[in-house]
Undergrad: 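One structure coming up, written as structure tokens, with questions to follow.
Below, all heavy atoms of this structure are taken into account, side chains as well, without hydrogens, waters or symmetry copies.
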Amino acid sequence: MGDDTRQRAGVGEHTAAARRVLLAPSAPGALVPGLRITAAARAAELTGQPALADRYRAWAPHGAADADPSLTAAVRDFTDRVTLAPGAAGPGLLRALTARGLDAPAVVALAQICAFVAYEARVASGLALLSGEPAAEPVEPSPAAVAPRPPSEARFTLDELSWRPRIPAVDADALTAEQRAVIDAHATLSVASPYYRTLLHDPAALDHRTHVYNAVMYGRGGLPRAERELATLLVSRANGCVYCASVHGRKYAQLSRDKPAALRVLRDGGEALADDARGRAIARFAEAQTSTPPRAGAAEVAALRAAGLTEAELTDLVHAVALFGWANRLMLVLGDAQPVRLPEAGVPHDAVPHDPIPRDDTPRNDARDDARESCSGTPDRSPRTGDA
């Protein structure tokens, strides 16, 4: 949960802030607060966290008018599909929402809510496991655990990919002051990225998500960077996120100095790590936590501890795995991975190069001297004084 002390500095604060701006924004737009709360509570219950669902329901405004029944049904269908099987969430889900009156900012907000709950529920269950507590509570009716089916292994690649949004992204030349402030506040963001310009439809959510992302993935100490990338590669593969698997497969290959290992993991998942007790334990936990509801248990935590992970490393692993429940869902639902198109005469190149990745685990100056955030394709940006 957002107020748990077993987190890196800033993670709890920005998790709570993300919850606030998603569930009770000052200007909710077409996605009214009642629908936001309904979606969040539904996603939490499907993920085996009814107590978290109750916490979300406590945000519900009193006396709010009921939403149109057809829109409510579309929001519920969207929430179910994105929560249970994000890799199968096709563009028809978005069309169903826009046909019932949701504009691009409302669609992005709903995607953020479902993805955020995937993260917060997995943090809650993972930290409970580390404390020896039940990871999830029974729900009536209890949904069957869904292990996301990845697409054909032939689609996974370490090649660079581009990403095309399914809804119109924000115009880079027409940013509001709030949108510009979010871009300027983070060295890992760029308007050159169609992914970030899509998420800029809800700039406050993007701001707090970026703070959480950078703390979890780039924070010093704790779980080695290569193993954070391994975990996120495994989660991305399990969720069927071809784009994120490509990005984090390359990062894992470079940080571990072992491209063949990255290719094996891309092809075979955790089975590729059968001869590596520590890697296999990380994979077993990451893949189990990616199911909905998460199915990791005491045996997976015991294997991690037997492999030598410290409490700080275990906490980092919980957060990295949970974070990509958030990241993968946004990537999968809001757009599509595509091969990079080589530039032709008169045709703009629609892919943006990734930054080089450091080849060791030496602490850097936050995220600034490191690889840019996953699933973005941000270009090189010279760090400016005051960048966080």
Undergrad: If we only count heavy atoms from C-beta on, is the S193 to R197 side-chain gap below 4.5 Å?
TA: no
Undergrad: If you take all heavy atoms of V212 and V11, which pair is closest and at what distance?
TA: CG2-O, 4.1 Å
Undergrad: Any luck finding a side-chain donor-acceptor pair between W326 and Q112 under 3.5 Å?
TA: yes
Undergrad: Is there a donor-acceptor contact under 3.5 Å linking the side chains of D207 and H186?
TA: yes
Undergrad: Measuring from atom CZ of R237 to atom OG1 of T232, what distance do you get when rounded to the nearest 0.5 angstrom?
TA: 14.0 Å
Undergrad: Return the set of residues passing salt bridge (charged side-chain N to carboxylate O under 4.0 Å, His left out) with D77 (not counting sequence neighbours), or none when no residue passes.
TA: none
Undergrad: What's the shortest heavy-atom distance between S246 and L161, and which atoms?
TA: CB-CD1, 3.9 Å
Undergrad: Per the side-chain hydrogen bond (donor to acceptor under 3.5 Å, both in side chains) rule, what does the pair list look like for residues 26-39, sequence neighbours excluded?
TA: none
Undergrad: Can you confirm whether R329 sits close enough to F324 that some side-chain heavy atom of one is under 4.5 Å from a side-chain heavy atom of the other?
TA: no
Undergrad: Under the side-chain hydrogen bond (donor to acceptor under 3.5 Å, both in side chains) rule, what do Y243 and S162 come out as? Steps first, then yes or no, please.
TA: CA-CA 8 Å; Y243 189 99; S162 63; over 6 Å; no
Undergrad: In this structure, which one of D276, L304, L273 forms a side-chain contact (heavy atoms from CB on, under 4.5 Å) with I282?
TA: L304
Undergrad: Applying a strict under-4.5 Å side-chain criterion to I, L, V, M, F, W and Y, I'd like to know whether Y195 and L332 cluster together.
TA: no
Undergrad: Could you tell me if Q49 and Y56 have a donor-acceptor pair between their side chains, going purely by distance under 3.5 Å?
TA: no
Undergrad: What are the two closest heavy atoms between R122 and T47, and how far apart are they?
TA: NH1-CG2, 3.6 Å
Undergrad: Test your reading of the model: is there a side-chain donor-acceptor pair from D268 to the backbone of E271, 3.5 Å cut-off?
TA: no
Undergrad: What residues, two or more places apart in sequence or in another chain, satisfy side-chain contact (heavy atoms from CB on, under 4.5 Å) together with A299?
TA: R284
Undergrad: What I'd like to find out is whether the side chain of Y196 reaches to under 4.5 Å of the side chain of Q179, using heavy atoms alone.
TA: no
Undergrad: Does one hydrophobic cluster hold both V123 and L22, with members joined at side-chain heavy-atom distances below 4.5 Å?
TA: yes
Undergrad: Quick check against the 3.5 Å criterion: does T157 have a side-chain atom that pairs as donor or acceptor with the backbone of D159?
TA: yes
Undergrad: With heavy-atom distances below 4.5 Å as the criterion, would you say the side chains of D103 and T98 are in contact?
TA: no
Undergrad: Could you check if a side-chain atom of V318 sits within less than 4.5 angstrom of a side-chain atom of Q289, using non-hydrogen atoms only?
TA: no
Undergrad: Should the ring pair H14 and H208 be called parallel, tilted or perpendicular, given that the plane angle runs from 0 to 90° and is split at 30 and 60?
TA: tilted
